[in-house]
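Here, residue 1 is the first one in the sequence, and each next residue gets the next number.
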Amino acid sequence: MKKTLLIATAVLALAAGDALAKKQLVIVVKGLDNPFFEAINQGCQKWNKENASAEYECFYTGPASTSDEAGEAQIVQDMLGKADTAAIAISPSNAKLIAQTLKTANPSVPVMTIDADLAAEDSALRKTYLGTDNYLMGVRIGEYIKKAKPNGGKICLIEGNPGADNILRRAQGTRDALTGKKGLTALKGEGGWTEVAGCPVFTNDDGAKGVQAMTDILAANPDLDGFAIEGGWPLFGAPQPYRDLFKPMAKRLASNDFVIGAADTIGDEVAIAREGLVTALVGQRPFEMGYKAPSVMMDLIAGKKVDDPVFTGLDECTKDTVDTCIQK
C-alpha cells in the first residue's frame, strides 16, 4: 500500500511540475560575452519580474563568444527542438547560416529576429524584426562625420562579423551618407571620401581586436582623417586601450581635424564622449529590445497582426549632449 501511495504521489508531483512549467519565449543572441546583449537580457528579466504569473517566461541564451557563429546556429536548432519553446527571437551573427538553420529546422513556432535581421531575401523565414533601424543608424554616423569634415578625407570603417546583416546595413548607410550616392561597396573618392587599404576591418565584435586594428591602420596611414566604427566594441569592450590610443589625438578630435563616429552608448562610451575622444555616438536601445520581445512573441503566438519591422529608436550623443542624450 505504501509503495502504491509513493508511486501515485510521484506521478502527481510530476504532473504538477509539468503543469507549472512555463512555455519559453526564447531570445538567442550572438554571444554572452558582449555587454550590449546583457542589456537585452536585463530587459528580458524585467519582463519576467513584471509578468511572474504569466504562462510564458522569457528565456535568454546564446554562445559564450560572439565569434562562435556555428555555436549560435546549434543553439537555435536545439531551442527549436524543445517542446516548451513557444516562440523564438534570434540575433543572427551570421545571417545566411541562421537562415539555413531555420530552413532545415522548419519550425512550427513563430520566429522573429531581434537586434540583427536576416538578409532581405530570407525575410520570409521570420515574422518580424525588432530592434534598431540599422541603415538609419549608419546614415547618422556618416552624417556626423560629414558635418565635422565636409570636404571629405581618408577614412576606415570598423565592422564586426562579416556575415552580420545589421553591421553591413550600418556600413552601407554610412557610405551613402558620406557620398550622397546609394549602394557603393567601397569609397574611392566619391564625395571626397576614400577608404584606405586594409579597410573595412572586421573585428568579430572583439573590442581589443578593434583597438589593435585602428592602431595598425593609423600607423600605416598617418594622413588618415577618421574612423566610422559600426559597433561600439572598441569603446565598451576595450575602453582603456581605446583611451590610450586617442588621448594623444584629443586636440585633433576637438578641432574636427580627426573624426570618429561610433555606434552604441553603453559601458564607458558616454564617458568617452564626455572626454572628447569620440566625435559622436549613435546608440541603440538594447534594454528596450529585450523588454519588448516577449510581448511581440506572445502577439505572434496569438496570431495578432504585428508590424514588420518594429523599430526601437536611437540615442545620439556628442561631448555637448552627454548629460541629456540617453532616453530615460
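Taking the side chain as every heavy atom from C-beta outward, Phe36 and Met289 approach each other to under 4.5 Å.
Taking the six-membered ring where the residue is Trp, Tyr129 and Phe311 present perpendicular rings, their angle passing 60° and hence far from 30°.
With respect to Asp257 and Lys251, no salt bridge is recorded, no charged nitrogen being found less than 4.0 Å from a carboxylate O. Between Lys127 and Asp308 there is no salt bridge, since none of the side-chain N atoms of the basic residue sits less than 4.0 Å from a carboxylate O of the acidic one. A salt bridge does not link Glu288 with Lys46: every distance from a Lys NZ or Arg NE/NH1/NH2 to an Asp or Glu carboxylate oxygen is 4.0 Å or more. With respect to the salt-bridge test (charged N to carboxylate O, under 4.0 angstrom), the residues Asp78 and Lys82 do not qualify. Salt bridge Arg274/Asp323: present, at least one basic N to carboxylate O contact under 4.0 Å.
Judged as a side chain to side chain donor-acceptor pair (under 3.5 Å), not a single pair has a partner in residues 296-307 (not counting sequence neighbours). Evaluation of the disulfide bond (SG atoms under 2.5 Å apart) test over residues 108-156, restricted to residues two or more places apart or in two chains, returns Cys156-Cys199. Each side chain to side chain donor-acceptor pair (under 3.5 Å) pair with one or both residues in residues 194-203, not counting sequence neighbours, appears once here: Arg175-Glu195.
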Requested in this report: Begin with the C-alpha distance, continue with both residues' side-chain angles, and end with the deciding distance and a verdict on side-chain contact (heavy atoms from CB on, under 4.5 Å) for Thr279 and Leu253.
Outcome: CA-CA 7 Å; Thr279 306; Leu253 282 160; 4.0 Å; yes
Requested in this report: For the pair Ile301 and Leu25, evaluate side-chain contact (heavy atoms from CB on, under 4.5 Å) and give the outcome as yes or no after the intermediate values.
Outcome: CA-CA 10 Å; Ile301 293 166; Leu25 304 170; 3.7 Å; yes
Report task. Begin with the C-alpha distance, continue with both residues' side-chain angles, and end with the deciding distance and a verdict on side-chain contact (heavy atoms from CB on, under 4.5 Å) for Asp176 and Tyr135. Result -> CA-CA 10 Å; Asp176 290 359; Tyr135 177 79; 2.7 Å; yes
**Report entry** side-chain hydrogen bond (donor to acceptor under 3.5 Å, both in side chains) between Lys22 and Asn48, intermediate numbers included
**Finding:** CA-CA 11 Å; Lys22 296 194 175 211; Asn48 281 338; over 6 Å; no
Requested in this report: Tell me, with the steps shown, if Phe236 and Asn34 meet side-chain contact (heavy atoms from CB on, under 4.5 Å).
Outcome: CA-CA 9 Å; Phe236 66 67; Asn34 187 323; 3.5 Å; yes
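In this structure, Tyr242 contributes its side chain and Leu277 its backbone to a donor-acceptor pair below 3.5 Å. Between the side chain of Asp225 and the main chain of Gly153, no donor-acceptor pair closer than 3.5 Å is present. Under the 3.5 Å distance criterion, the side-chain polar atoms of Gln74 are left unmatched by any main-chain donor or acceptor of Glu72.
Linking Ile, Leu, Val, Met, Phe, Trp and Tyr whenever their side-chain heavy atoms come within less than 4.5 Å puts Ile75 and Leu118 in one cluster. Follow the hydrophobic side-chain contacts under 4.5 Å out from Val310 and you reach Tyr291 in the same cluster. In the hydrophobic clustering of ILVMFWY residues, with side-chain heavy atoms under 4.5 Å counting as a link, Met298 and Val296 come out together. Placement of Ile40 and Leu300 within a single hydrophobic cluster is found when ILVMFWY residues are connected by side-chain heavy-atom separations under 4.5 Å, directly or transitively. Cluster membership for Ile27 and Tyr56, using ILVMFWY side-chain heavy atoms within less than 4.5 angstrom, is shared.
Interatomic distance, Ile260 CD1 to Leu281 CG, rounded to the nearest 0.5 Å: 10.0 Å. For the atom pair CG of Asn221 and NZ of Lys154, the computed distance is 7.0 Å after rounding to the nearest 0.5 Å. Atom NZ in Lys181 sits 10.5 Å away from atom CG in Leu187 (nearest 0.5 Å). A distance of 11.0 Å separates OG in Ser91 from CE in Met112, rounded to the nearest 0.5 Å. The line from CD of Gln45 to SG of Cys58 is 6.5 Å long, rounded to the nearest 0.5 Å. A distance of 4.5 Å separates OG1 in Thr104 from CD in Gln100, rounded to the nearest 0.5 Å.
What you find for Ser295 and Trp47 is that their closest heavy atoms are OG-NE1, 3.3 Å. Minimum heavy-atom separation, Tyr60 to Glu38: OH-N, 3.8 Å. Pairing each heavy atom of Asn134 with each of Asp115, the nearest pair is ND2-O, 3.4 Å. In plain terms, the two heavy atoms of Thr66 and Asp205 that are nearest each other are OG1-CB, 3.5 Å. Between Ser93 and Asn161 the shortest heavy-atom distance is OG-ND2, 2.5 Å. Between Ala280 and Tyr144, the closest heavy-atom pair is CB-CG, 3.4 Å.
When the options Leu218, Val211, Val278 are evaluated for a side-chain contact (heavy atoms from CB on, under 4.5 Å) with Phe246, the one that passes is Leu218. For the side-chain contact (heavy atoms from CB on, under 4.5 Å) test with Val76, the passing option among Thr61, Ile90, Leu97 is Ile90; the others fail. The only member of Val111, Ile98, Ile114 that meets side-chain contact (heavy atoms from CB on, under 4.5 Å) when paired with Arg126 is Val111. Checked options Thr312, Thr132, Asp315, Thr265; the residue passing with Arg285 is Asp315 (criterion: side chain to side chain donor-acceptor pair (under 3.5 Å)). With Thr174 as reference, Glu230 is the one residue of Arg140, Glu230, Glu143, Lys146 to meet the side chain to side chain donor-acceptor pair (under 3.5 Å) rule.
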